[in-house]
Amino acid sequence: MKISLFLDTVFTDMLRLRAFCSFSRRLFHFRPFSCEPLISQMAECTDEEQVFDFIEKNKAILSEKQVGCAFNILWQCQKQKTSLLKSAECIRDHPQFLTLYNLATNKMEFMNDETLVNVLYITQQFAIEAQDPLVEALVTEAWRRLERFDVNVLSKFSTCLANQHLHLSPLMGKIADIVNRNLETMQDLRSLSVLMVSISSLISRHFQEQLVNKTELLFDSIDSSQVNIARRIVQFLRNIKYSYYPLLERCNKVFLSHMNHLDLESISKILSLYNFLQFHNFEFILMAKKRLTEMIPQFDHPASFVKLFVALGPMAGPEEKKQLESTILLMSEELTSQQALAVMGAMEEMESRNSRLIKKIATILHKHLDDYKPVELLKITQALIFPHFQSQELFMKLRELLLSYLKISVKPSEISILVRAISMLPSPPLDEVGMSRIEAVLPQCDLNDLNGFAISVLRWIQYDHMYLDSTTGKQLKLLQKLDHYGHRRLQTCNDLNLLWEEVKSLKGDWFAESLLEETVATLQCLMDGINYMNVAGIASFISRTNYLSTLLLDRIASVVLQQIEKIHPFSILAIILPFSTLNYDPPQRDEFLGTCIQHLNSYLTTLDPLMLVFLGFSLATLDCFPEDLLKTIFNIKFLDRLDSQLELLRSSLNMRVQFRLMELNRAVCLECPEYQIPWFHDRFCQQHYNKDTGSMNGVQQHIYKMLAEVLGGINCVKASVLIPYYHTIDFECILDKRKKPLPYGSHNTTWGKLPAKHWESNTQIVGSRLPPGAERIALEFLDLRAFCRNVPHLKGKSAMKKRHLEILGYRVIQIPYFEWNSMALSTKDARMDYLRERIFGEGKS
């Protein structure tokens with residue numbers, strides 16, 4: 001009995017000992033000796049072969065830590081290679097990599113958190129697919145440990161998931177939740193910035209704001225040399241589509257202070273992010289241009305030079321553009337499909353007219369046409385249509401490919417892209433099958449998709465009119481359906497931010513004619529949601545549409561007065577613009593404008609010259625002339641900076657800025673002579689008006705004859721008159737003190753030509769040369785462009801011109817198109833009476 005009890009006890013103890021040993025091996029993972037000597041030996045390896053030799057000799061005794069170290073050293077060797085992809089293939093195909101692969105599979109559960117995630121990261125750098133068993137096992141093991149990861153490991157793991165395109169996965173959602181719960185205690189901006197970029201696709205607006213605020217708090221804690229952190233912050237803002245200027249400015253300062261150390265990849269990426277966010281910093285662009293220009297001789301490989309071409313081309317001067325185009329032409333035979341697409345897009349932005357290069361790139365695009373996605377085919381179509389490129393064979397192939405995609409596509413946005421591309425091509429409209437594909441997806445379309453379809457249909461209707469086709473009826477029915485779904489979309493919208501995302505980029509005749517009124521009505525219903533974050537965007541939309549909504553403008557002014565401290569000065573131009581464009585004064589006009597101007601004053605030396613010019617002109621249109629702003633603009637140093645910036649702009653924008661500066665100069669000279677700012681645009685205006693002068697059109701000639709009849713002769717009226725400060729007026733006449741017309745000399749009777757005497761100093765006040773009691777009359781015929789879209793309210797520029805003409809001594813008669821073309825003035829006699837009434841203040845004679 002005692003013997004039996006003894007044996008039972010021994011047996012039980014043996015089982016316990018066996019279980020303990022098994023547990024100990026798992027918990028402590030005993031290894032022969034310390035792993036440090038082996039790691040030290042591995043660290044001495046200088047290339048992959050030495051690492052693989054070491055693995056072959058020691059595979060039986062390698063611990064999980066040494067396996068992680070082996071992966072790390074292989075990656076360090078890999079990063080030194082110029083051709084990463086080719087080198088990665090060599091590593092993956094090496095027999096000892098399979099040994100390392102198997103060791104990682106067997107030992108991953110013993111790896112610490114940092115080693116586990118690091119191995120996962122490095123396997124991705126070696127281009128091992130996400131479906132690979134090792135990668136799947138590593139992700140699963142990391143998921144199991146997720147809650148215990150520290151912020152550094154968590155950030156690296158989020159990058160691994162992002163590399164697998166798992167931005168919207170439940171696992172990324174879990175990471176976002178962890179960040180949300182622990183945000184207050186996070187102090188490492190490097191790791192946080194990585195996490196922000198990774199989770200940006202699935203977080204709420206409130207969480208976005210929390211992250212932005214946290215970033216601002218932590219920004220001063222980082223080393224100013226941390227360019228990558230700043231770049232990730234800008235990437236996050238781009239991902240959430242939020243141009244938050246305070247953070248952008250701080251990041252920009254980091255980039256500027258390290259411009260000499262930024263490589264092509266970094267500069268190219270930053271320029272792309274800035275462009276998306278509409279953050280145009282003159283100083284950065286100028287320094288980036290200088291740095292990129294210095295790089296031109298350094299790159300002779302197509303991949304690098306294409307990146308340089310895309311980054312530098314749009315802001316390059318004539319000589320740099322010529323050098324870029326000639327070099328890319330020499331490399332053209334080596335370009336891949338994606339590189340050719342990038343070059344063509346950059347050429348469109350550069351407004352390139354190099355026919356030889358266009359033809360060469362088009363040939364490469366044609367060769368690879370089957371490899372492109374629908375959105376890329378749209379880019380190709382747009383880029384080829386822009387320079388009026390002609391190739392029937394290419395366009396036919398492009399149409400066939402677009403139609404083949406259209407037959408199988410089910411996404412509304414993709415179908416809209418395909419239809420837009422097809423409509424741009426010089427070919428007939430879609431057949432019934434194609435039209436049915438559009439109709440099938442209309443219920444799922446947002447306003448952008450619907451607008452894209454409408455633009456395409458209107459192109460086809462125009463095509464039918466040109467070629468007398470008979471399919472217009474079907475297209476008109478489709479337009480009616482687009483109207484229906486557009487209105488339905490607006491009627492069901494109850495979120496201002498969601499509505500704003502859809503309407504902010506809408507343009508074209510269909511939207512303006514069919515949906516604009518209801519869009520504004522919907523915005524008015526949701527206007528309580530206008531705040532410091534979206535006020536500039538809503539204001540820009542109103543400016544662009546020319547739709548006068550006093551409710552929305554009053555709300556914008558109220559938000560500015562209440563939340564001005566939260567609004568960045570960069571947004572002030574966009575906010576003022578609709579009031580300027582539409583000539584509207586809110587109830588608290590002086591307080592509103594004064595608040596905006598005061599908010600700007602401390603930024604006058606840092607804002608871009610271009611922005612200040614537009615600001616000055618917009619305020620001048622509102623009859624507001626802040627002295628500090630004007631003295632900043634009309635300063636030699638400022639004008640030198642402006643000239644430097646003009647060299648970086650497209651020709652169309654360059655000319656627009658120059659015109660705005662001239663118009664501001666004119667307004668200040670006429671309305672604020674006490675500022676003693678000189679008029680210095682004579683030469684510019686002479687060059688412009690020499691080009692712009694021409695004969696009157698048929699309508700103007702008809703009016704000219706009627707005025708001659710009313711005034712008593714052709715020598716009593718002048719047409720297309722250039723007056724001091726280079727304003728032009730449609731017609732001019734002079735009445736003496738008894739209201740009788742005074743004739744001009746014979747030298748003034750040439751229609752549409754400007755007398756030579758006006759090319760002299762064109763600033764003398766007109767009225768000083770009149771007989772006593774006489775008055776000059778300016779008759780201006782105003783078309784629909786002079787008025788708001790929805791009401792007969794005179795817009796800002798026309799109102800300012802009237803003020804200027806009156807200062808110059810004119811009595812101004814503005815004749816609106818809706819009066820001149822009304823039924824009441826449908827006969828010649830009625831129009832003659834109308835002119836007599838406006839000129840002489842009398843009816844029928």
For [X], I'd like to know if atom [atom1] has over 12 heavy atoms of other residues, nucleotides or ligands within 6.0 Å.
| X | atom1 | value |
| --- | --- | --- |
| D509 | CG | no |
| K379 | NZ | no |
| Q491 | CD | yes |
| K504 | NZ | yes |
| E517 | CD | no |
| E432 | CD | no |
| R785 | CZ | no |

Taking [X] for its side chain and [Y] for its backbone only, find out whether a donor-acceptor pair lies under 3.5 Å.
| X | Y | answer |
| --- | --- | --- |
| N239 | S201 | no |
| R555 | M527 | yes |
| T545 | I542 | yes |
| T621 | F617 | yes |
| S158 | S155 | yes |
| S416 | S413 | no |
| E502 | L447 | yes |
| H280 | L610 | no |
| Q563 | Y532 | yes |
| R190 | I229 | no |

Can you name the nearest heavy-atom pair linking [X] to [Y], along with the distance?
| X | Y | result |
| --- | --- | --- |
| Y817 | D783 | CD2-C, 3.5 Å |
| Q382 | E348 | O-OE2, 4.0 Å |
| S423 | R459 | OG-NH1, 2.7 Å |
| K214 | M186 | CE-O, 3.0 Å |
| S618 | L573 | OG-CD1, 3.9 Å |
| P428 | W460 | O-NE1, 4.3 Å |

**OP:** Test side chain to side chain contact (heavy atoms under 4.5 Å, CB included) on L406 and L430 and set out the steps.
**Re:** CA-CA 11 Å; L406 184 60; L430 286 175; 4.0 Å; yes
With a 4.5 Å heavy-atom cut-off, do [X] and [Y] have their side chains touching?
| X | Y | answer |
| --- | --- | --- |
| L166 | V139 | no |
| N534 | N531 | yes |
| W510 | D483 | yes |
| L189 | I233 | yes |
| E209 | Y244 | no |
| I576 | F614 | no |
| V560 | C596 | yes |
| I597 | L619 | yes |

**OP:** Would you kindly say whether E501 and N497 are connected by a side-chain donor-acceptor distance under 3.5 Å?
**Re:**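 Distance-only check fails for E501 and N497.
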Can you say whether the rings of [X] and [Y] are parallel (under 30°), tilted (30 to 60°) or perpendicular (over 60°)?
| X | Y | result |
| --- | --- | --- |
| Y274 | F255 | tilted |
| H568 | F570 | perpendicular |
| F279 | Y245 | tilted |

Original post:
Does the pair F284 and I270 meet the rule for a side chain to side chain contact (heavy atoms under 4.5 Å, CB included), with working shown?
Top reply: CA-CA 10 Å; F284 178 84; I270 293 166; 3.4 Å; yes
Original post:
Is there a side chain to side chain contact (heavy atoms under 4.5 Å, CB included) between L553 and L548 once you walk through the steps?
Top reply: CA-CA 8 Å; L553 291 176; L548 178 60; 3.7 Å; yes
Original post:
How far apart are the C-alpha atoms of F282 and M611, what are their side-chain angles, what is the distance that settles it, and do they pass the side chain to side chain contact (heavy atoms under 4.5 Å, CB included) test?
Top reply: CA-CA 10 Å; F282 164 61; M611 184 180 289; over 6 Å; no
Original post:
So does E147 pair up with R181, basic N to acidic O under 4.0 Å?
Top reply: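 Answer for the salt bridge query: yes.
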Distance in Å, [X] [atom1] paired with [Y] [atom2], rounded so as to fall on 0.5 Å steps:
| X | Y | atom1 | atom2 | result |
| --- | --- | --- | --- | --- |
| I203 | D177 | CD1 | CG | 12.5 Å |
| I530 | L523 | CD1 | CG | 7.0 Å |
| I538 | M533 | CD1 | CE | 12.5 Å |
| F579 | R589 | CZ | CZ | 11.0 Å |
| M424 | S456 | CE | OG | 7.5 Å |
| T215 | L192 | OG1 | CG | 5.5 Å |

